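Written below as structure tokens is the structure these notes are about.
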Amino acid sequence: MPHITTRDGARLHYLDVGRNKGPACVLIHGFGMQGAMWLPVIAPLLLKQRFILPDLRGFGGSHGLSLSQPGLIAQHADDLADLIDGLRLDQVRLSGLSMGACTAMEYHARYGFERVHSYLHIDQAPCILNGADWQHGVMGDAQAERLADWADLLARLNVYRGMAFERVPGHLRRRFWGALAEFLSLAFSHRGIRSAAQLAKHDALARRIVPTANWSIYVDSMRSYLEDGFDWRESLRAMDKPMTVLIGGRSAMYPAEGQRQLGTIVPHARLVEFPKAGHVIPFESPLRFVAEFGRFLRAA
């Protein structure tokens with residue numbers, strides 16, 4: 001698997017697939033995923049487009065990479081900048097799902113979109129935490145209760161940071177997997193898939209599926225949602241490139257109502273709602289996603 005060396009010397013892995021000529025489309029995955037997750041849904045487009053599929057730091061082939069700065073999303077945005085520079089990409093067709101969309105928005109806030117031709121934004125609110133002027137952040141109305149549980153869990157896990165996951169007490173491992181299973185279940189609207197996601201709460205089973213060599217990266221992810229308080233509403237007002245927003249009408253991760261406000265923040269953005277899809281639109285509505293994705297690329 002190819003890699004680029006980031007500014008701090010880390011080896012960030014990625015896939016480079018599809019047609020080799022012409023501008024590339026960079027697809028950024030969500031939490032708990034990896035670049036290869038895109039392959040089934042982009043397969044019909046491989047003869048027409050080059051795709052770069054990075055594994056964000058801490059996930060997939062980049063699982064072993066630790067953060068070299070406090071903020072997870074800031075780290076991912078810097079890594080994206082290093083990927084675009086390292087591969088000498090220009091006029092990038094950029095797309096991000098969930099945490100990948102956070103990475104894209106943070107990249108835009110830090111570096112601008114001079115190297116980006118157009119942007120496809122998939123089921124992500126422009127502000128993560130709820131407040132006096134925003135009630136559409138992660139997990140919607142249930143945010144305060146769930147994040148309070150996270151905060152308590154992270155405080156207890158912090159004592160064991162740097163140790164092998166097996167040395168974390170069993171009751172904390174079970175709480176950790178339970179929180180992760182609950183978070184993953186919010187990604188889907190299909191009841192059967194949501195029930196299956198609950199299997200991740202069982203320690204022995206979860207460790208067969210989710211790598212734990214660098215388990216603290218998941219803690220860093222949870223802490224980022226708790227503490228970093230990202231709000232991209234103001235920086236997105238400077239968006240001057242074509243933008244398409246895909247909204248899961250049944251998203252339990254980010255209420256559709258809040259995502260629709262992107263049409264006010266970025267007036268030229270094209271909003272496309274998937275009424276029957278939850279958070280992970282490419283996998284809950286794959287045929288329509290491929291059609292809309294193809295439309296995005298043709299417009300680009």
Side-chain angles (χ1 to χ4, degrees), residues 15 17-19 22-53 92-105 116-126 136 138 140 184-197 236 239 241-300:
L15 293 174
V17 297
R19 186 180 181 185
C25 177
V26 177
L27 288 165
I28 316 175
H29 63 78
F31 173 79
M33 302 177 183
Q34 57 184 296
M37 60 153 264
W38 294 106
L39 292 175
V41 292
I42 67 172
L45 304 169
L46 290 177
L47 295 179
K48 300 178 181 180
Q49 177 70 50
R50 179 190 181 192
F51 294 96
I52 307 295
L53 315 175
V92 170
R93 282 66 171 154
L94 181 64
S95 179
L97 164 65
S98 190
M99 188 175 71
C102 292
T103 299
M105 289 189 290
V116 175
H117 178 280
S118 48
Y119 172 48
L120 180 66
H121 182 91
I122 307 173
D123 210 75
Q124 173 64 49
H136 313 294
V138 64
L184 292 176
S185 71
L186 293 174
F188 299 92
S189 64
H190 190 281
R191 185 177 300 175
I193 300 177
R194 294 187 69 172
S195 297
L236 282 174
M239 173 68 68
K241 297 297 177 72
M243 178 175 175
T244 300
V245 179
L246 305 187
I247 301 170
R250 297 180 180 175
S251 178
M253 192 73 76
Y254 291 99
E257 181 181 353
Q259 296 188 62
R260 294 186 194 110
Q261 293 190 27
L262 282 164
T264 301
I265 297 168
V266 186
H268 67 268
R270 187 173 75 90
L271 274 57
V272 182
E273 191 156 335
F274 290 65
K276 297 181 180 180
H279 181 56
V280 286
I281 294 172
F283 307 100
E284 291 206 295
S285 296
L287 295 180
R288 189 179 175 203
F289 172 78
V290 170
E292 289 294 343
F293 192 29
R295 181 176 179 180
F296 164 75
L297 291 174
R298 288 193 299 273

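No experiment lies behind these values; they were computed from the predicted model shown.
Counting heavy atoms from C-beta on, the side chains of Phe296 and Arg270 never come closer than 4.5 Å. Taking the side chain as every heavy atom from C-beta outward, Glu292 and Ile281 never approach each other to under 4.5 Å. Put simply, the side chain of Arg295 does not reach to within 4.5 Å of the side chain of Thr244, judged on heavy atoms. Within the 4.5 Å cutoff, side-chain heavy atoms of Arg250 are placed close to those of Lys276. With contacts defined as side-chain heavy-atom distances shorter than 4.5 Å, the pair Met253/Val138 qualifies. Here the side chains of Leu53 and Ile42 are in contact, with some heavy-atom distance below 4.5 Å.
Using modelled atom types, no side-chain atom of Gln124 and backbone atom of Leu97 make a donor-acceptor pair closer than 3.5 Å. The backbone N or O of Pro242 lies less than 3.5 Å from no partner atom in the side chain of Ser118, so there is not a single donor-acceptor pair. Between the Gln259 side chain and the Tyr254 main chain, a donor and an acceptor come within less than 3.5 Å of each other.
Atom CG in Leu39 sits 10.0 Å away from atom CZ in Phe51 (nearest 0.5 Å). Distance check: His268 NE2 to Met243 CE gives 7.5 Å after rounding to the nearest 0.5 Å. Taking CD of Gln261 as the reference point, atom CG of Leu236 lies at 12.5 Å (rounded to 0.5 Å). Annotation: the span from Phe289 atom CZ to Ile122 atom CD1 amounts to 4.0 Å, rounded to 0.5 Å.
In this view, Arg260 and Glu273 satisfy the side chain to side chain donor-acceptor pair (under 3.5 Å) rule, not counting sequence neighbours.
Note: Tyr119 and His121 have perpendicular aromatic rings, judged against thresholds of 30 and 60 degrees for the angle between ring planes.
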